[in-house]
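Worksheet: the structure to be examined is printed underneath.
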Protein chains: 2
Amino acid sequence: MELSDRKKKILCMAIEEYIKDCSPITSGGIKDATSLNCSTATLRSELNALEAMGFLRQLHTSGGRIPTAQGYRYYVENLLQSVEATDKELDDVKSIISSRTSSLNDIITGIAKIVSKATNYPTVIMVDGFENLVLSEFKLIPLLEDKIMVLIGTIAGYITQTLDVKATAQDCIDASNYLTNHFKGETIGFMIENIEQFEKGMHGEIKAFQTVVNSLINGLKQLNEQKYLNVRREGSAKLLDNNNNVEEAKKVLNVLEDEKELSSIMEIKGKGDIEVTVADEDSAKCSVVKAPICVNGRQLASIGVFGPQRMDYAGIASALKVVIDNLNNLKGE
Amino acid sequence: MELSDRKKKILCMAIEEYIKDCSPITSGGIKDATSLNCSTATLRSELNALEAMGFLRQLHTSGGRIPTAQGYRYYVENLLQSVEATDKELDDVKSIISSRTSSLNDIITGIAKIVSKATNYPTVIMVDGFENLVLSEFKLIPLLEDKIMVLIGTIAGYITQTLDVKATAQDCIDASNYLTNHFKGETIGFMIENIEQFEKGMHGEIKAFQTVVNSLINGLKQLNEQKYLNVRREGSAKLLDNNNNVEEAKKVLNVLEDEKELSSIMEIKGKGDIEVTVADEDSAKCSVVKAPICVNGRQLASIGVFGPQRMDYAGIASALKVVIDNLNNLKGE
DNA sequence: GCTAGCACTTGAAAAAGAAGAGTGCTAAAA
DNA sequence: TTTTAGCACTCTTCTTTTTCAAGTGCTAGC
């Protein structure tokens, strides 16, 4: 549906004002807020037309209009001026990302925390492209009680894992070297798929540490299969402030506590850029602004900011842009 | 203030009913709920007396009574029948605790998660007795880019730390062995205090890895100074259900987002047992049921469950009892 | 196509009345 | 002295009614 420039301007202004104040859009309000040189009567007929097209709706005859889900969607898709990545509060993201000796988990928690603080909305990160991580080194360390700790260095931080395997210190060193030599620069997915090929090529003496490697691969397979969610709920209190109604806040909190729901919502359908999902009026879902987190050009995770239908889509999109731009610039050494 | 048995019974019943239903306590309601053989008129005069003593208050003349903060406190201190640790949902706690190769962080997150799920209230764990952890082994592992990863085995799980220090593989092995030999069985606090003494006794050739050790100790000192909080907010949506008013929910969520506030609230004043703090009517704080987490007889952390003034103190106290009993049974190997 | 003017609709706020729950008090009973 | 029955009183809640003003839709004229 193509709108005239004026209708676009009116719709955009209307939605932004409504997001800011939560007070219904009236012809008078629009006249005050825009530089349009036309009377309230004209604006009324424009608003009427926008309502007929489904972008706005009236709660009651004399009460001004509010955006519909369709209105928000149009706004998001067409009117959201190309977001710029300019959020100072997000500078920390860079330093977190660049510390490659942090654990992947800490890095993810750190990012979620910062985004949540900056946007004032609950934020979720889901790691679902674990197999895309590029490996840099392996360290196997024998612990007490016949266990082994595995440090897996990746471009996006360290992953640790504990294995219930008995092995000598030499086995661990051999395995570390073997794995690092053969899979450095490759992805975890590649390693899982090809390890058997490589094992066939091993000599007898190297096979000593084979149980260790098998156990390690099993562990990685498990990690790979279970998407893991890191939910940050900073800003939950804000959900209750600021004219947000309690029912909407409850929706958001309920979604955040339902892992299944969450991971289905977090699925990125398109590719490579910010996606906005606007909650329907009647559904139990909430709105999300989400983006893929790519490292080295491959998708590792998704980040999503959750809120009610009436949320600051533009501000959040801009914040997410900072994060994903920074992450996408991270290249393998 | 000593109350007659009947007054105690009435107060107890009144508060428990109110916690359950959130409907004001009336003479008729009490008569129905208890087996007391007296008329509503008698109960009215008892309620009147309890009000005069400050345990109950009337919102308005004909509207029944609700507990005051003082009333809740009396209930908690005197009437909460000695809580029993019988929560099936908390069985998982045991298995989490016994997996000593998990990271301390994972263990704490796991416990907070389980408690939060079981109680349906936000739960916080604050590690403030880091120096009391008993050491079991050290593993220093050289990483890429002149960094070292340190695995510190403790009775309550592994702690990892990354150091920006250049060291040879041999330095790392030497340091690992040295530290493990000298400090196994001692606490982190002991090690921090006495490391200099030990260093004086070193021979020239061992001093090679001294920079590594110094850096490690500095890192531990930092960890020790910064109390760290692990906040779990499962059940936030429940805060909004069930007759909880929004203002109270907001209070709780606000407290949870204020680290300073949180850590001051989490401070355990008494020793060794469950403490309940009941929120005042007018203050911005919320109610907490908290307990110290001890390992090997020394306090490592505190766990606290946060909620509105009207919360299920008895149920939560019982859940916490399960957790701390299990943890206190954990002895060094 | 735009605007001014005006009647109309409708919710929100205020006022008034009715109903009912629960109390406090008093006098009598135990 | 304690307990109980009875009753008047208070205060909220629920309706109903009224008023008010905001904002609209419509129409006629520019």
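So you know, we letter chains A, B, ... as the sequences are listed, proteins then strands, and number each from 1.
- Per the geometry, CD belonging to A/Glu46 stands 7 Å off P belonging to C/dC2, to the nearest Å.
- Proximity of A/Glu234 to B/Arg233: side-chain heavy atoms (C-beta onward) are separated by under 4.5 Å at one or more points.
- Among the protein residues, A/Ser27 comes within range of the sugar-phosphate backbone only, with heavy atoms under 4.0 Å from sugar or phosphate atoms but none that close to a base.
- The closest side-chain heavy-atom distance from A/Cys286 to A/Leu256 is not below 4.5 Å.
- With rounding to the nearest 0.5 Å, the separation of OG in B/Ser302 from CD1 in B/Ile265 is 12.5 Å.
- Applying the side chain to side chain contact (heavy atoms under 4.5 Å, CB included) test between A/Lys290 and each of A/Thr277, A/Ile303, A/Val276 identifies A/Thr277 as the sole match.
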Atom pairs and distances, donor-acceptor, side-chain atoms in residues 50-60 of chain B, under 3.5 Å, two or more places apart:
unit_1: B/Glu51; atom_1: OE1; unit_2: B/Arg65; atom_2: NE; d: 2.7
unit_1: B/Glu51; atom_1: OE1; unit_2: B/Arg65; atom_2: NH2; d: 3.1
unit_1: B/Gln58; atom_1: NE2; unit_2: B/Thr61; atom_2: O; d: 3.0

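- By the 4.5 Å heavy-atom criterion applied to side chains, B/Lys8 and B/Tyr74 are counted as neighbours.
- In this structure, A/Arg232 and A/Lys117 have side chains that are not in contact, with every pair of non-hydrogen atoms separated by 4.5 Å or more.
- Where the helix from C/dG1-D/dC30 to C/dA30-D/dT1 starts and where it ends, the local axes point in directions that differ by 30°; five pairs per end, rounded to 10°.
- For B/Lys31, the side chain to side chain donor-acceptor pair (under 3.5 Å) criterion is met by no residue, not counting sequence neighbours.
- A heavy-atom distance below 4.5 Å is not found between the side chains of B/Ile66 and B/Glu281.
- The side chain of B/Gln58 approaches C/dT23 more closely than any other nucleotide in the set C/dT23, C/dA4, C/dC2.
- With distances taken from any side-chain atom of B/Arg44 to the nucleotides C/dA4, C/dC2, C/dC25, the minimum falls on C/dC25.
- With sequence neighbours left out, the side chain to side chain donor-acceptor pair (under 3.5 Å) criterion links B/Asp312 to no other residue.
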Taking N or O atoms only and anything under 3.5 Å, show me the protein contacts with nucleotides 11-17 of chain C, one pair per line.
none

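- C/dG22 atom P lies 10 Å from atom CG of B/Asp32, rounded to whole Å.
- Note that the CD atom of A/Glu275 and the CD atom of A/Glu267 stand 10.5 Å from one another [nearest 0.5 Å].
- Rounded to whole Å, the distance from CD1 on A/Ile10 to C1' on C/dC2 is 13 Å.
- Counting 5' to 3', DNA chain D first comes under 4.0 angstrom of a heavy atom of chain B and last does so at the ends given by D/dT3 to D/dT12.
- Among the atoms of the strands shown, base atoms are found under 4.0 Å from some heavy atom of A/Thr42.
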